[in-house]
Amino acid sequence: MSHLHLSVLVLLVAFFTSTQALYFYLEGSEKKCFIEDLPKETMVILVYSSEQFSAAQNVWVENKDLKIEITVEELPQGYRIVDNKGDSSGRFSFTSSESGDHSICISAASNSWFDNSKTKLTLDMDFDDPTDHHDHNAEGVSDLVKRVHELNERVEDIQIEQKAQHDREKDFRDQSELTNSRVVWWTIAQLIVLGVVCFWQMNYFKNFFMAKKLV
């Protein structure tokens with residue numbers, strides 16, 4: 001049964017790619033952000049290109065004067081690990097130092113007359129293990145070997161995600177155990193306070209009745 005599960009997993013992984021392509025629009029200097037849950041020590045490669053709408057030509061054209069600002073922050077700490085200002089089209093990468101949510105924000109900045117125009121930004125995001133360096137463009141490497149390398153990378157991506165999930169479960173379990181421990185100690189403290197109050201009340205009423213010669 002385990003061999004069957006592994007075969008199904010390999011077949012499924014073979015149809016997936018680690019690259020996520022998307023495009024969106026920016027109005028003027030508008031900033032758009034999105035959240036990515038990244039495992040620890042995962043390399044993220046961003047390849048982007050931008051076009052702005054020319055009302056005179058009624059087409060999308062590349063503006064060489066346009067600058068693309070990209071920032072990456074670790075959440076919820078807000079620690080900024082990337083603050084990049086590049087050309088209208090380019091490529092850059094970063095490696096996550098900790099697992100968890102990362103905020104990736106992109107905005108357009110230009111000193112030209114395109115400042116208030118609409119920008120279309122196309123973004124390709126690729127996730128990779130920085131310890132793995134396969135040269136898929138090497139001469140003499142057959143297509144089959146390339147596919148095997150790609151399949152190995154997909155399996156490694158799954159293993160990294162499983163490890164990240166295990167770390168999140170461990171953190172949640174530790175937090176639950178800490179909360180339960182605090183609840184137990186709080187209950188014990190309440191019982192101690194209740195016992196002290198009961199003892200004080202019994203002693204007080206005993207002395208009171210003795211003083212009134214009721215006992």
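Positions are given from 1 along the sequence.
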Under the side-chain contact (heavy atoms from CB on, under 4.5 Å) rule, what do Gln52 and Leu66 come out as? Steps first, then yes or no, please.
CA-CA 9 Å; Gln52 290 189 321; Leu66 184 69; 3.5 Å; yes

side-chain contact (heavy atoms from CB on, under 4.5 Å), that's the test. Do Asn63 and Ser88 meet it? Break it down for me.
CA-CA 7 Å; Asn63 175 20; Ser88 58; 5.8 Å; no

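Heavy-atom minimum distance, Arg80 versus Val82: CG-O, 3.3 Å. In terms of heavy-atom proximity, Ser50 sits nearest to Ser89 at N-OG, 3.7 Å. Across all their heavy atoms, Trp60 and Thr119 have their closest contact at CZ3-C, 4.1 Å.
With rounding to the nearest 0.5 angstrom, the CG atom of Leu46 is 9.5 Å from the CZ atom of Arg91. The CG atom of Leu22 lies 8.0 Å from the CG atom of Asp124; values are rounded to the nearest 0.5 Å. In this structure, OH in Tyr79 is found 8.0 Å from CD1 in Ile81, a value given to the nearest 0.5 Å. Atom NZ of Lys32 sits about 10.0 Å away from atom CG of Leu121, to the nearest 0.5 Å. If you take CZ on Phe199 and OH on Tyr204, they are separated by 15.5 Å, rounding to the nearest 0.5 Å.
In this structure the side chain of Lys67 reaches within 4.5 angstrom of the side chain of Asp87, judged on heavy atoms. You'll find the side chain of Phe94 reaches within 4.5 Å of the side chain of Leu38, heavy atoms only.
For NZ of Lys40, the number of neighbouring non-hydrogen atoms (other residues, nucleotides, ligands) closer than 6.0 Å is 12 at most. Other residues, nucleotides and ligands contribute more than 12 heavy atoms inside 6.0 Å of the NZ atom of Lys120. Atom CZ of Phe34 is surrounded by more than 12 heavy atoms from other residues, nucleotides or ligands within 6.0 Å.
Taking Glu69 as the reference, Lys85 meet the salt bridge (charged side-chain N to carboxylate O under 4.0 Å, His left out) condition, with sequence neighbours excluded. Evaluation of the side-chain hydrogen bond (donor to acceptor under 3.5 Å, both in side chains) rule for Asp37 yields Arg168 as partners, not counting sequence neighbours. When the side chain to side chain contact (heavy atoms under 4.5 Å, CB included) test is applied to Leu194, the partners found at least two apart in sequence or on another chain are Cys198.
The aromatic rings of Tyr25 and Tyr23 sit perpendicular, their planes meeting at an angle over 60°, well past the 30° parallel limit.
When the side chains of ILVMFWY residues are joined at heavy-atom separations under 4.5 Å, either directly or via intervening members, Leu191 and Trp200 end up in two distinct hydrophobic clusters.
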When the side chains of residues 97-108 are checked against the rest of the protein, which donor-acceptor pairs come out under 3.5 Å, sequence neighbours left out?
residue, atom, partner, partner atom, Å
Ser97, OG, Glu74, OE2, 2.6
His102, ND1, Gly100, O, 2.9

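Sequence neighbours left out, the pairs with a member in residues 173-182 that pass side chain to side chain donor-acceptor pair (under 3.5 Å) are Lys170-Asp174.
Geometrically, Lys118 does not engage Phe53 in a cation-pi contact, judged by NZ or CZ lying under 6.0 Å from the ring centre and within 45° of the ring axis.
Hydrophobic cluster of Val183: no remaining members, since no ILVMFWY side chain lies below 4.5 Å from it.
Side-chain atoms of Ser96 come within 3.5 Å of backbone N or O of Thr42 as a donor-acceptor pair.
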